[in-house]
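Note that the structure is predicted; figures quoted are calculated from it, not measured. In what follows, every chain begins at residue 1, and chains take the letters A, B, ... in the order their sequences are listed.
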Number of protein chains: 2
Amino acid sequence: MRPVAIGTATIRDVARAAEVSVASASRALNGHHSVTPATRERVLSAAQALNYVPHLGARSLSTRRSNTIGVVLPDLFGEFFSEIIRGIDRAAHRRGLQLLLSNMHGNADETALAIRAMRGRVDGLLVMSPEIDADVLVANLPTGLPAVVMGARLDGAGHASIVIDNHAGAWAAVEHLVAQGCTRLAHIAGPADNADALERARGFREAARALLGDETPLVLPGDFSEEAGVAAAGALRARGDIDGVFSANDIMAIACMVSLIEGGVAVPEKVAIIGFDDVPIARFVTPRLSTMGIRIADLGARALDRLIEAIDDPAAPAGEPDHLMPELLVRASSLRAGDGGG
Amino acid sequence: MRPVAIGTATIRDVARAAEVSVASASRALNGHHSVTPATRERVLSAAQALNYVPHLGARSLSTRRSNTIGVVLPDLFGEFFSEIIRGIDRAAHRRGLQLLLSNMHGNADETALAIRAMRGRVDGLLVMSPEIDADVLVANLPTGLPAVVMGARLDGAGHASIVIDNHAGAWAAVEHLVAQGCTRLAHIAGPADNADALERARGFREAARALLGDETPLVLPGDFSEEAGVAAAGALRARGDIDGVFSANDIMAIACMVSLIEGGVAVPEKVAIIGFDDVPIARFVTPRLSTMGIRIADLGARALDRLIEAIDDPAAPAGEPDHLMPELLVRASSLRAGDGGG
DNA sequence: CTGTTAGCGCTTTCAT
DNA sequence: ATGAAAGCGCTAACAG
């Protein structure tokens with residue numbers, strides 16, 4: 001008996017082989033209780049013999065359920081991307097859901113397109129839009145398709161959202177630097193159109209003013225990239241008076257730190273540095289990087305949880321945004337005095 | 001005129017509004033040439049007014065084309081995962097394809113399930129199976145569904161594949177260490193059921209024998225994890241006679257290196273270290289890690305390219321596996337003498 | 001418990 | 001150029 005082609009038979013073939021109607025075949029295959037054990041057996045073994053694999057596309061069309069979640073992400077940096085997907089995937093996997101992925105490279109038109117392309121293929125949408133113009137995004141969300149937005153505050157948009165408390169995180173970072181004895185602080189900023197970055201910068205400014213009485217603390221431009229970190233290091237060396245740096249993300253913090261050290265500036269003795277994100281790399285650099293840790297995978301998992309709720313009860317109100325408070329992780333790059341916490 | 005719900009109207013609604021048949025609506029919407037400019041115009045503006053978004057699920061069922069590629073990956077470590085997805089995504093995006101993602105967590109049953117769950121939703125499959133039992137995988141590939149296998153050699157399986165030349169890469173790494181003056185080599189191995197890891201170990205052993213006359217070079221156990229790297233460092237310190245380490249991946253190499261340095265062992269002066277993969281982190285550690293670089297994103301992109309070929313011409317033979325030769329990247333962690341190359 | 005009959009939303013012959 | 005109708009593979013009333 002030669003092996004039979006896989007995933008080639010339809011439910012009609014199975015029904016025919018089992019000598020029942022397609023309806024009964026369907027019921028047996030889906031474990032409905034209204035089938036005689038005998039027929040179920042016949043159907044199941046026919047399916048097995050024919051190597052039947054259900055056509056999920058057809059099923060979704062008929063049930064109006066795809067068991068698939070659409071994930072729309074911007075171009076993310078390495079670790080962040082994989083971690084968030086990992087979180088979503090784990091949660092999705094537990095529930096037997098599949099993930100339809102769509103990176104939005106750049107402009108708004110493409111984003112709109114990406115979202116529209118999900119129509120009829122997903123039960124809900126998980127979108128992440130750190131860019132400031134989350135409105136474009138929301139304006140394109142198909143009506144009636146549950147969605148939760150990650151990383152952007154969308155007041156009154158009617159969609160659930162889950163955001164990182166960047167402001168509080170920045171404040172905590174500054175607080176820590178000050179506790180370490182730093183008095184001349186600088187911030188390496190993120191992209192100007194990035195909501196997270198702006199909040200971090202705002203938190204930095206306010207904390208510097210409140211804690212140090214510094215009305216115009218130094219803010220170096222940046223864009224979350226390695227190069228920006230190196231450039232910042234250059235600027236810091238040129239000035240020579242800064243003793244504490246809070247970077248808007250880890251990548252820039254690390255690049256800056258490495259560059260500083262290679263330029264002969266002692267970290268943390270001369271300059272203490274703290275980042276934001278806690279990418280896995282942070283623990284591998286020397287000195288290990290202090291940072292405001294976000295459990296990125298948790299962000300994804302929680303977003304999916306909220307999405308499931310929204311799917312299960314579409315009528316429920318969106319509710320307040322979930323806040324994710326970053327955690328201060330004190331490591332060597334900012335540790336000057338005794339023990340300093342963490 | 002209030003804004004209308006998005007993605008709620010069907011093609012029938014559009015047809016009705018434009019006062020044409022659904023057939024004409026479909027033709028107009030899809031840019032067929034056999035429609036009068038006048039009716040096309042009517043259909044298009046009706047669609048616009050109704051905020052019509054085509055139901056892609058229904059379309060696939062009818063055209064037997066989903067414009068979606070299924071991606072089945074094992075649980076991967078951070079950078080590797082995001083890079084490979086990035087490569088695939090870029091290539092897919094260029095062609096207007098979507099990605100249906102499915103991680104296979106662990107066992108074979110789940111893998112089979114994951115693959116079956118793709119039936120009727122994808123035009124082709126991209127699977128990666130570093131585990132030694134790629135057969136299970138292939139045995140479950142739906143007949144007639146084009147597939148490309150990444151990272152495993154599947155002789156005669158009838159599927160195209162693209163593999164990393166691990167053996168040659170390992171050999172090159174050893175060659176480099178020897179050129180740097182190392183004479184007592186050790187290898188930190190990867191998981192015993194991982195095909196890539198096994199090839200790297202084989203390459204190491206053969207090169208050590210050929211280049212150094214070392215019949216039984218030290219091979220430390222490992223599993224690609226950070227912890228394994230730390231453990232290896234312990235073992236190396238205990239012995240004290242090893243002066244060159246080739247690790248099966250970067251993560252272990254870095255963990256080992258950091259641990260060695262913290263334990264007072266000078267790298268590369270006392271022990272030269274080289275890894276495999278070139279994860280982005282490699283350039284951030286101090287000293288920067290030498291490694292055998294794989295353009296991971298390229299791996300994904302090339303796999304997708306081959307998949308497209310297979311989809312466009314299902315009759316074409318699978319052909320030989322594509323080989324991807326890793327590139328020797330000499331950085332500080334293994335540089336002892338003069339310039340040393342790279 | 002089982003079979004018959006409609007669809008799900010779209011594309012595509014086949015006539016006209 | 002356009003419309004009517006069949007059908008992609010499956011599920012879900014509705015009868016029996």
Side-chain angles (χ1 to χ4, degrees), chain A residues 6-43 46-47 50-68 116-123 142 144-145, chain B residues 7-44 46-47 50-68 116-123 142 144-145:
Chain A
I6 302 177
T8 250
T10 77
I11 198 174
R12 301 184 56 123
D13 299 324
V14 174
R16 190 173 311 135
E19 300 182 290
V20 297
S21 70
V22 291
S24 293
S26 171
R27 286 188 278 250
L29 258 7
N30 291 302
H32 285 212
H33 35 269
S34 50
V35 259
T36 248
T39 54
R40 154 159 307 137
E41 180 50 38
R42 289 228 306 292
V43 171
L50 293 174
N51 256 325
Y52 170 73
V53 181
H55 189 296
L56 265 32
R59 193 204 307 256
S60 338
L61 186 55
S62 159
T63 57
R64 298 154 159 299
R65 256 281 195 171
S66 62
N67 289 311
T68 301
R116 293 166 59 105
M118 296 263 175
R119 158 101 212 271
R121 307 173 65 80
V122 301
D123 296 334
L145 185 62
Chain B
T8 250
T10 77
I11 200 174
R12 302 185 56 121
D13 299 324
V14 173
R16 191 172 311 134
E19 300 182 287
V20 297
S21 71
V22 291
S24 294
S26 171
R27 287 187 276 249
L29 258 5
N30 292 302
H32 285 214
H33 36 269
S34 51
V35 259
T36 252
T39 52
R40 154 159 307 140
E41 179 51 37
R42 288 228 306 290
V43 171
L44 260 33
L50 293 173
N51 256 325
Y52 171 73
V53 181
H55 189 296
L56 264 32
R59 193 203 306 254
S60 336
L61 185 55
S62 156
T63 57
R64 296 154 162 297
R65 255 281 193 171
S66 62
N67 289 310
T68 301
R116 294 167 58 105
M118 297 265 175
R119 158 102 213 269
R121 307 173 63 80
V122 302
D123 296 334
L145 185 62

Interatomic distance where [atom1] belongs to [X] and [atom2] belongs to [N] [whole Å]:
X        : N      : atom1 : atom2 : value
A:Leu56  : D:dT11 : CG    : C1'   : 13 Å
B:His32  : C:dT11 : NE2   : P     : 8 Å
B:His55  : D:dC10 : NE2   : C1'   : 13 Å
A:Leu50  : D:dG9  : CG    : C1'   : 15 Å
A:Arg64  : D:dG9  : CZ    : C1'   : 16 Å
A:Leu61  : C:dT11 : CG    : P     : 12 Å
A:Arg12  : D:dG9  : CZ    : P     : 10 Å
A:Asp123 : C:dC8  : CG    : C1'   : 14 Å

Which nucleotide in [options] has an atom nearest any side-chain atom of [X]:
X       : options                : answer
A:Arg27 : C:dG9, D:dT2, C:dT2    : C:dT2
B:Val22 : C:dG3, D:dT2, D:dA5    : D:dA5
A:Thr63 : D:dC10, C:dT11, D:dA12 : D:dA12
A:Ala23 : C:dG9, C:dG3, C:dT12   : C:dG3
A:Ser62 : D:dG9, C:dT11, C:dC10  : D:dG9

Answer with base, sugar-phosphate or nothing: what part of the nucleic acid does [X] contact at a heavy-atom distance below 4.0 Å?
X       : value
B:Ser24 : sugar-phosphate
A:Ser34 : base
A:Thr39 : sugar-phosphate
B:His33 : nothing

Does any part of the side chain of [Y], heavy atoms only, come nearer than 4.5 Å to the side chain of [X], both counted from C-beta?
X       : Y        : answer
A:Ser66 : B:Arg121 : yes
A:Asn51 : A:Thr8   : no
B:Arg59 : B:Asn30  : yes
A:Ser26 : A:Ile11  : yes

- Query: Would you say B:Arg59 reaches C:dG9's phosphate, i.e. side-chain N/O to OP1/OP2 under 4.0 Å?
  - Reply: no
- Are any of A:Ser26's side-chain N or O atoms less than 4.0 Å away from OP1 or OP2 of D:dT11?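 For A:Ser26, the contact criterion (side-chain N or O under 4.0 Å from OP1 or OP2 of D:dT11) is met.
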- Task: Measure the OG-CG distance between B:Ser62 and A:Leu61 for me, rounded to the nearest 0.5 Å.
- Result: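 So the OG of B:Ser62 and the CG of A:Leu61 are separated by 10.0 Å.
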- Item | Closest-nucleotide 5' rank along DNA chain D - winner of B:Ala58 and B:Arg40 |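 Residue closer to the 5' terminus by nearest nucleotide: B:Arg40.
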